[in-house]
Every structure is written in C-alpha cells, then in structure tokens.
**Student:** 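Just dropping this structure here.
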Amino acid sequence: MPELPEVENIAMGLRQSILGRPIDKVACFSPVIIKGSRSEQWQSFLATFAGRSITSVTRRAKRLILATTDQRALVFQLGMTGKFLLKQRSDDRHKHTHLVFSFPGDQELHYVDTRRFGRLWLFDCLDPQHPDAAMEAEGMGSLGPEALRLTSNRFHALLDSQRSIKTLLLDQTRLTGLGNIYADESLFASGIHPARSSRRIGSEEATTLLRQIKGVLRRAIRAGGTTFSDFENAYGDIGRFRKRLKVYGRQGEPCRSCGGPIERIVLAGRGTHICPRCQPQDP
DNA sequence: ATTTCATCCTGGAGGC
DNA sequence: TGCCTCCAGGATGAAA
C-alpha cells in the first residue's frame, strides 16, 4: 500500500530508469482508470508522448507526477496496489497491466494495479513544482501540507477537531503522506493512543508526534519503504522497513518496548495496531 | 459544517 | 483438494 515513503522510492527509481529517455509509445489497456476532463480524449493525449520524454518525476502527497518540458503531465494516484515495473518487450504482460510505456531498445515500463483502486489524471499544463491548484481544478480533491514540511505550530493547529487523532492523521486534506501503516507506527512511537480526541493532544505531545512522524517517514524512505503484501519498486525490490515495524501487523507479538502483547482494534473502519500499555487511552 | 459509512476490487486466508 | 465466504485497505461521495 503505497504511502509517502513508497511513492518517494518509486519516484527515485523512475528518475534513474526513464528520466529524459525518448518514448516510442504509451499504450493504455484500461481507460476506465483515467479520470478528469481530458479522460475522454485519452488516446490522442497519450499519442502526444511519442518521440518526447519525461523530464520531471515528482511526488506530491501520495501522488506521482510524470511531466514533460512543456508541462504535459500524467498524475498517478496509486491506491492500494498500483506499481511500476521495468520490463523487456518480450516479457509477459501482467493480467492487471493497465499502461505500458515503450522505450527504444525493447525496454518497457508497465503500470500494474491489481485491485484497480488507483487512478490516472491527464494534464495539458501542470507545473510539477506547484501542482495543487491544477489538480484541484481537475476535481482531485484538496491536499493538506506535506507531513515532512510541517512545523509543530502549524501541526498543532491542524489537530483542532473532535475526531480521533488517527482518523485525522489519515485525512489527506489535513496533512498528506501518512497511511495506515505509518499512522500506527508514529502514534506508537509517540505513546499516543489512536482513539484519543485529536484536539486533546497538547502542544508538547503534538511536537513529539510530529517529530516521530518525520522520523518514521524518513527511516522508511531510507529503507526503501514497507512491503506488506505486494509493494515493490520499479526494479522489483521489496521494502526493507517491514522488519522494523513496531506495531503494524504485529498483533499478538510482544511489544518491543514493554514486552506486553500488541493488540489490533478497529478504528474509523481501519485495522489499528497498538500497545495498550505504551499507549494509554487516558493519559 | 462536520463526520461517518458504504463502495470500489482482487487475491489470499480460513472453514468445511 | 476445492469450493465458499470473508476481509483488507485509500479515496470518494452520499448520508447522517
């Protein structure tokens, strides 16, 4: 499930593998994944990539932006299982390959998304450094600030809501980048119970939580992300952060801090992993 | 206005 | 073995 660290690693891989390389052709086998005002003309839009190259690969929130020098852009929201894989022309195409970029020399880049929760938007003009207004105009929804760029004052102000702190951390209109794994990990690292009311998090706790969020995200980026079910980067590498997870997916196993059993509860419809001793409900 | 909830989709797990 | 049911999970849009 690509969250910020996984998308960041995908972006780094694509910069190494396809940046500046002329494209022979972009083919789409599942136009249903294409959204936005240009989706009806997807064939003519994708045809314009022939002979051109991707000159910019950037990340905004969990979205991946591939852009040309004249700011024509593809924006991918990878959903649960979206990924890119480098292939040879002779390789078998995956059952759920939706898009194929062909490069000279028989190399291909496949966009694969098993569960098809991922979406692709087409842009005639998008500044990859400042994409927010254009993306919003295309109906992609508004995005909060990047988790890694937040200051603690601004973060504390964002917490003014009666929802639970975990629900808030997952709300991409408040802050962007966290998904289920890193929300649970950050809350554990901060000793905060995920069901606690967001607005009852004090400024000191908020500072701690933000520091832990950034630390968890940075370590996960360095480790190549987390592979839980099927994340892999363009080269087929899996993420090494999984073995460093402290609560996510560890229900029944001993807490690495106090030794007590990790529990799994359901919060906001999401599996939520806690150490009840290290994360008291009523601090 | 704010918050909750069903929906999308497939493969893997578990029951029998 | 194989069939069946259940479930995870990000984002969205409708409902409360």
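All values reported here derive from a predicted model rather than from experimental measurement.
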**Student:** With a 4.0 Å cut-off on heavy atoms, is A:Tyr248 in touch with a base, just the backbone sugar-phosphate, or nothing at all?
**Tutor:** sugar-phosphate

**Student:** Nearest-Å distance, CD1 (A:Ile165) to C1' (B:dT3)?
**Tutor:** 16 Å

**Student:** Any side-chain N or O of A:Arg264 under 4.0 Å from OP1/OP2 of C:dA8?
**Tutor:** yes

**Student:** Strictly below 4.0 Å: does A:Arg119 bring a side-chain N or O up to OP1 or OP2 of C:dA11?
**Tutor:** no

**Student:** A:His96 side chain N/O closer than 4.0 Å to the phosphate oxygens (OP1, OP2) of B:dC9?
**Tutor:** no

**Student:** Has A:Phe117 got its ring stacked on C:dG10, by the test of a centre gap below 5.5 Å and a plane angle below 30°?
**Tutor:** yes

**Student:** Could you pick out which residue, A:Trp121 or A:Met80, lies toward the 5' side of DNA chain C when each is mapped onto its nearest nucleotide?
**Tutor:** A:Met80

**Student:** Phosphate oxygens OP1/OP2 of B:dT3: is one of them under 4.0 Å from a side-chain N or O of A:Ser161?
**Tutor:** yes

**Student:** Ring of A:Phe188, cation from A:Arg256 - is the NZ or CZ under 6.0 Å from the centre and inside 45° of the axis?
**Tutor:** no

**Student:** Under 4.0 Å: is that the gap between some side-chain N or O of A:Arg116 and OP1 or OP2 of B:dT10?
**Tutor:** yes

**Student:** Please find out if less than 6.0 Å separates the ring center of A:Phe29 from that of A:His98.
**Tutor:** no

**Student:** Which listed nucleotide (B:dT4, B:dT10, C:dA11) is nearest to the side chain of A:Arg163?
**Tutor:** B:dT4

**Student:** How long is the line joining NE2 of A:His94 and C1' of B:dC9, in whole Å?
**Tutor:** 14 Å

**Student:** In a check of salt bridge (charged side-chain N to carboxylate O under 4.0 Å, His left out) between A:Glu205 and each of A:Arg200, A:Arg196, A:Arg199, which one passes?
**Tutor:** A:Arg196

**Student:** Any chance NZ of A:Lys214 has more than 12 other-residue heavy atoms, nucleotides or ligands included, within less than 6.0 Å?
**Tutor:** yes

**Student:** Quick check, are the ring centers of A:Phe101 and A:Tyr111 under 6.0 angstrom apart?
**Tutor:** no

**Student:** If you check the A:Thr114 side chain, which of C:dA11, B:dT10, C:dA8 turns out closest?
**Tutor:** B:dT10

**Student:** In this structure, how many angstroms lie between the P atom of C:dG9 and the CG atom of A:Asp113, rounded?
**Tutor:** 16 Å

**Student:** Closer than 4.0 Å, any side-chain N/O of A:Lys62 to the OP1 or OP2 of C:dA11?
**Tutor:** yes

**Student:** Return the value, rounded to whole Å, for the distance between atom CZ of A:Arg174 and atom C1' of C:dG10.
**Tutor:** 18 Å

**Student:** Using whole Å, report how far CG of A:Asn180 lies from P of C:dC7.
**Tutor:** 17 Å

**Student:** Can you tell me how far C1' of C:dG10 sits from CD of A:Glu3, to the nearest Å?
**Tutor:** 9 Å

**Student:** Would you kindly check whether a donor in the side chain of A:Arg270 faces an acceptor in the base of C:dA8, or vice versa, at under 3.5 angstrom?
**Tutor:** no

**Student:** For A:Lys95 and B:dG11, is the shortest distance between a side-chain N/O and OP1 or OP2 below 4.0 Å?
**Tutor:** yes

**Student:** Does A:Gly13 offer a backbone N or O that forms a donor-acceptor pair with the side chain of A:Ser17 under 3.5 Å?
**Tutor:** yes

**Student:** Let me know the distance between CD1 of A:Ile265 and P of C:dA8, rounded to the nearest Å.
**Tutor:** 13 Å

**Student:** Mind calculating the distance between CG (A:Leu175) and P (C:dA11) to the nearest angstrom?
**Tutor:** 12 Å

